[in-house]
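Worksheet for the structure shown next.
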Amino acid sequence: MINTVGVIGLGTMGAGIVEVFAKAGLSVIAVDGSAELAERGKGFLEKSLGRAVSKGKLDEAARDEIVGRVSFGDDLAAMKDADLVIEAVPERLEIKESIFTTLDGIVREDCVLATNTSSLSITEIARATKVPSRVIGMHFFNPAPVQPLVEVIRSVMSDETLVEQVRELAERLGKKPVVVGDRAGFVANALLVSYLARSIRAYESGLASRSDIDAAMAAGVGLPMGPLTLCDLVGLDVIHEVCGVLYNATGDPSVASPSILRQLVTAGRLGRKSGHGFYTYDGVGSGTVV
Ligand code: 3HC
């Protein structure tokens with residue numbers, strides 16, 4: 001039974017994943033690379049729960065209980081007590097491999113090692129550990145507290161009981177799990193990122209303004225938001241990295257990172273989280289376009 005989970009990396013996705021676990025009643029060990037980043041992660045959780053309190057969807061006692069289930073810190077050694085550890089660090093294979101190699105020497109033998117990678121190979125990440133059969137993908141979608149989907153990604157080395165255990169855990173979290181194979185971008189991102197890259201190219205080529213491209217897809221096709229707004233929500237750095245992984249895996253030019261995307265990332269315009277992306281926001285992390 002998974003009761004204590006570790007979350008490594010407390011950026012947009014990691015902080016959202018912490019919230020999902022803590023709301024479902026699990027104890028959470030939340031770790032990032034420095035005390036400052038851990039504190040920022042705590043701030044994300046408190047802000048998100050604060051919004052629910054101000055809307056009257058959560059009372060203050062319940063909020064305090066949820067926050068009380070999470071310990072924040074900057075030392076991976078805290079993962080020794082975890083039943084499952086999930087990492088949500090930047091989308092770079094070498095960073096993820098190094099974390100998994102370190103975790104190997106810290107966690108219990110029966111601890112599940114999960115990655116929230118958007119597109120990298122679970123098999124390659126698993127190879128960085130001594131027990132690759134306990135490594136699995138558990139891919140949440142942004143915003144993690146809201147989006148129901150969790151892709152449970154098995155590698156050819158994953159233990160079958162592990163797949164079932166993680167699928168059941170996702171259901172306990174109130175999520176909709178789908179079990180998928182280890183292919184670049186899995187199911188959702190393989191399809192979505194190709195659409196996003198094409199939308200960015202449509203903007204780049206001057207086909208229409210960014211708001212008209214977004215309106216065409218939101219108002220015309222019934223999507224909750226247009227593609228350029230969605231890129232800003234997910235993070236332009238994340239989209240850029242996933243494009244790179246998909247392009248390397250498939251050679252399909254339609255998924256290569258578009259020039260304007262690369263320029264925005266180089267300029268530090270990463271979307272909502274930095275206050276600028278395709279649009280400009282009235283505060284870092286805010287959702288209001290100015
Ligand atoms: N954290 C927590 N809750 C959030 C949130 C966040 N970041 N953003 C919105 N919410 C909550 C709001 O509090 C609100 O909750 P309530 O209904 O209980 O009051 C609810 O979500 C709806 O939010 P809003 O009323 O502010 O706005 P919208 O109705 O426009 O919904 C949205 C916002 C949920 C982001 C919606 O526009 C949406 O679903 N957009 C598409 C998102 C999407 O496609 N995500 C997948 C991206 S791909 C991905 O993540 C994969 C990765 O690997 C790249």
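Atoms within a ligand are numbered from 1 in the order they appear, just like the ligands themselves. Both backbone and side-chain heavy atoms feed into the values below; hydrogens, waters and symmetry mates do not.
The nearest protein atom to atom 18 (O) of ligand 1, hydrogens excluded, is given as Lys57 NZ, 2.9 Å; this is a heavy-atom distance. Closest to atom 4 (C) of ligand 1 among all protein heavy atoms lies Val146 CG2, 3.4 Å. Regarding atom 6 (C) of ligand 1, its nearest protein heavy-atom neighbour is Pro143 CB, 3.5 Å.
Using a 4.0 Å cut-off between charged side-chain N and carboxylate O, Glu109 and Arg134 make no salt bridge. With respect to the salt-bridge test (charged N to carboxylate O, under 4.0 angstrom), the residues Lys96 and Glu91 qualify. Under a 4.0 Å N-O distance rule, the pair Glu36/Arg40 does not qualify as a salt bridge. Lys175 has no carboxylate O lying under 4.0 Å from a charged side-chain N of Glu171, or vice versa, which leaves the two without a salt bridge.
Shown here, atom 31 (O) of ligand 1 is out of close reach of the protein: none of its heavy atoms lies under 4.0 Å off. Distance check on atom 1 (N) of ligand 1: some protein heavy atom falls below the 4.0 Å cut-off. For atom 10 (N) of ligand 1, a protein heavy-atom neighbour is present inside the 4.0 Å cut-off. Atom 50 (O) of ligand 1 is approached by the protein to below 4.0 angstrom, counting heavy atoms only. Protein heavy atoms are absent from the 4.0 Å sphere centred on atom 26 (O) of ligand 1. The protein does not reach atom 20 (C) of ligand 1 closely, with no heavy atom under 4.0 angstrom from it.
Ring geometry, Tyr279 versus Tyr281: the interplanar angle exceeds 60°, so the pair is classed perpendicular (tilted spans 30 to 60°).
Near Lys55, meaning under 4.0 Å from one of its heavy atoms, ligand 1 places the atoms 12 (C), 13 (O), 14 (C), 15 (O), 16 (P), 19 (O). Every atom of ligand 1 is numbered from 1 in the order shown, and the set under 4.0 Å from a heavy atom of Phe141 is 48 (S), 49 (C), 50 (O), 51 (C). Here is the list of ligand 1 atoms found below 4.0 Å of a heavy atom in Ser118: 52 (C), 53 (O). Listed by number with element, the atoms of ligand 1 under 4.0 Å from a non-hydrogen atom of Asn142 are 42 (C), 43 (C), 45 (N), 46 (C), 47 (C), 49 (C), 50 (O).
Contact between His139 and ligand 1 is present, with at least one heavy atom of the residue lying under 4.0 Å from the ligand. For the ligand labelled ligand 1, residue Ser48 lies inside the 4.0 Å heavy-atom shell.
When non-hydrogen atoms are compared, ligand 1 lies under 4.0 Å from the side chain of Leu230 (C-beta onward) but not from its backbone. For Asn189, every heavy-atom contact with ligand 1 shorter than 4.0 Å involves the side chain, none the backbone. At a heavy-atom distance under 4.0 Å, only side-chain atoms of Leu192, from C-beta outward, approach ligand 1.
Residue-environment remark: CZ (Arg172) exceeds the threshold of 12 foreign heavy atoms within 6.0 Å. Other residues, nucleotides and ligands contribute at most 12 non-hydrogen atoms within 6.0 Å of the OH atom of Tyr247. In this structure, Glu94 places its CD atom where more than 12 heavy-atom neighbours from other residues, nucleotides or ligands lie under 6.0 Å away.
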Inset, instruction - Go through the steps for Thr229 and Asp214 under the test side chain to side chain donor-acceptor pair (under 3.5 Å), then give the verdict. - result: CA-CA 7 Å; Thr229 306; Asp214 276 347; 2.6 Å; yes
